[in-house]
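Structure record follows, encoded as structure tokens.
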Amino acid sequence: SLPMLPKKLTAQISLKANRDSNAHSVIFTIRESDGKILKSERFHSVIHVKYRMNFDQVQAFMADPESAPKEWKTNVKRNLAKLIDITRKMRRRRRETEEYLAIETSEIRVLCDEATKQITGIERKVQREADQLVEECMLAANSAVANELIERKIPGIFRVHPEPDPEKMDEFSFFMEKSFHIRTGDLMNRTNCCRFLEKLPDDHRKPVIVSNFLRSLPRASYLEENALHYGLGKYRYAHFTSPIRRYPDLVVHRMLRKYVFAHDQDASAMKRDSEWIAQAAEHASVRERCAQEAERDVDDMKKAQYMEQYVGRTYTGKI
């Protein structure tokens, strides 16, 4: 894989433990009783990371607070426990108010030895609650920034996901009843769709059902104008921050710096930027699709290479 940014630059701008790092932050005021976001504030900041945690450590802490590493001080564990409690409430509230599609997907990863480049194994990565903790904060920041772009009339790239096509949903419902004898109900009704996803059988059928459901939905893409993100149930959404570095994120950062921090409100400049952003959004959408297809092709190739060593053996499987 190729990094989006040069490695030296990535190392320079990444957060590191025990060092001051420049950042672009969104700070929230959240009602502790139910996780409602009361207000947000965005600004450039300096962050000093005292502890670098990984997802395995946080997941273990969620299951058993006594599993915390010895170097975690009392205030760190207390603050992490509070963050976990708040993000759980935020997620529950978002579920009730926005009815996002709770689609549980898994990712097949091919493991390679970095030195020899030899394939050492294959693993299935399933999203855990530790991942959801980061996701909840990320979604809140992205939504807050999208809202600011709209309210301030700043040119920006938005992440949009159209409503599904009724014919596609009917085809999926027919497939479900014929292949699994499961009636879906009216999937164009958002509440019914959420209820259907919640009640999927938790066995070998689930990945097949989820995969076919996702193929029935339209692709998410980037647009220069705001529109619905159907999967998230959000009407204002942009990519501002993420676990990976994306070009659309950087475009949003540039526009915010240009029109807010520099107080540049020149109408002709905004018109030129809007025209350029329309092209950038289309380009980002096209390149995203190409990257996804290339990733799937490489994964399939590497999995086939890995399975070559087992040719001739007999296994039991479900198709």
Side-chain angles (χ1 to χ4, degrees), residues 1 3-5 10-11 13-17 19 21-32 34-37 40-43 45-65 67-69 72 75-95 97-98 100-107 109 123-147 159 161 220 229 231-234 236-250 252-253 288:
S1 62
M4 190 186 80
L5 301 174
T10 298
I13 64 177
S14 296
L15 299 178
K16 292 185 178 180
R19 194 187 78 177
S21 301
N22 294 325
H24 198 167
S25 302
V26 180
I27 303 298
F28 294 98
T29 300
I30 299 172
R31 192 161 63 196
E32 194 169 357
D34 62 357
K36 180 180 180 179
I37 297 174
S40 63
E41 184 181 1
R42 178 190 52 79
F43 50 82
S45 61
V46 176
I47 293 178
H48 186 90
V49 178
K50 292 185 176 180
Y51 293 91
R52 187 173 182 85
M53 304 174 179
N54 60 48
F55 286 100
D56 291 335
Q57 291 173 327
V58 174
Q59 186 64 40
F61 181 83
M62 286 176 157
D64 177 18
S67 69
W72 289 11
N75 68 318
V76 172
K77 292 184 284 187
R78 182 174 60 248
N79 289 337
L80 179 57
K82 182 174 287 189
L83 175 63
I84 292 168
D85 178 61
I86 287 292
T87 52
R88 282 172 174 168
K89 291 174 180 175
M90 290 170 63
R91 192 174 188 86
R92 186 160 55 246
R93 180 180 179 81
R94 190 166 59 85
R95 183 67 175 148
T97 59
E98 299 179 355
Y100 64 86
L101 302 187
I103 303 174
E104 296 180 11
T105 59
S106 59
E107 179 184 356
R109 288 189 171 183
E123 69 173 5
R124 181 185 296 275
K125 187 177 185 300
V126 180
Q127 189 186 55
R128 301 173 296 176
E129 194 179 7
D131 301 284
Q132 293 174 352
L133 185 155
V134 175
E135 179 185 61
E136 203 60 39
C137 297
M138 178 193 74
L139 290 172
N142 289 347
S143 298
V145 169
N147 187 65
R159 185 66 168 176
H161 184 213
H229 193 298
L232 295 176
K234 291 184 178 293
R236 294 183 171 190
Y237 194 68
H239 278 166
F240 169 79
T241 182
S242 67
I244 58 174
R245 292 175 177 84
R246 295 173 295 215
Y247 182 64
D249 301 48
L250 299 183
V252 170
H253 282 249
E288 179 185 44

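- Partners of Arg88 by side chain to side chain donor-acceptor pair (under 3.5 Å), not counting sequence neighbours, listed by chain and number: Glu129.
- Interatomic distance, Glu136 CD to Arg94 CZ, rounded to the nearest 0.5 Å: 4.0 Å.
- Residues Ile37 and Thr29 form no side-chain contact, since every pair of their non-hydrogen atoms from C-beta on lies 4.5 Å or further apart.
- Separation of atoms CE (Met62) and CG (Leu133) is listed at 4.5 Å; rounding is to 0.5 Å.
- One N or O on the side chain of Ser67 and one on the backbone of Ala60 form a donor-acceptor pair closer than 3.5 Å.
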Could you tabulate the donor-acceptor pairs under 3.5 Å formed by side-chain atoms of residues 78-86, not counting sequence neighbours?
| from | atom 1 | to | atom 2 | distance (Å) |
| --- | --- | --- | --- | --- |
| Asn79 | ND2 | Asn75 | O | 3.2 |
| Asp85 | OD2 | Lys89 | NZ | 3.2 |

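- When every heavy atom of Ala68 is checked against every heavy atom of Phe61, the shortest pair comes out as CB-CD1, 3.8 Å.
- Nearest heavy atoms, Met90 versus Ala140: CE-CB, 4.1 Å.
- Under the 3.5 Å distance criterion, the side-chain polar atoms of Gln57 are matched with a main-chain donor or acceptor of Asn54.
- Taking both residues in full, the closest heavy atoms of Ser25 and Ile47 are given as OG-CD1, 4.0 Å, listed atom of the first, atom of the second, then distance.
- Here the CZ-CG distance, from Arg92 to Asp34, works out to 9.0 Å after rounding to the nearest 0.5 Å.
- More than 12 heavy atoms of other residues, nucleotides or ligands sit less than 6.0 Å from atom CZ of Arg19.
- Val49 has its side chain out of reach of Ser21: every pair of non-hydrogen atoms, C-beta onward, lies at least 4.5 Å apart.
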Is there a salt bridge (Lys or Arg N to Asp or Glu O under 4.0 Å) between Arg128 and Asp56? Walk through the geometry before answering. CA-CA 10 Å; Arg128 301 173 296 176; Asp56 291 335; 2.9 Å; yes
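- The salt bridge (Lys or Arg N to Asp or Glu O under 4.0 Å) search around Glu135 returns Arg91, not counting sequence neighbours.
- Distance CD/Gln127 to CD/Gln132: 4.5 Å, rounded to 0.5 Å.
- His253 and His24 have perpendicular rings, their planes meeting at more than 60° on a 0 to 90° scale where under 30° would count as parallel.
- Under the 3.5 Å distance criterion, the side-chain polar atoms of Asn142 are left unmatched by any main-chain donor or acceptor of His239.
- For His161 and Tyr237, the ring centers are positioned 6.0 Å apart or more.
- When each of Lys234, Glu98, Arg236 is paired with Ser143, the side-chain hydrogen bond (donor to acceptor under 3.5 Å, both in side chains) condition holds for Lys234 and for no other.
- Counting all heavy atoms, side chain and backbone alike, Ala17 lies closest to Arg52 at CB-CB, 4.2 Å.
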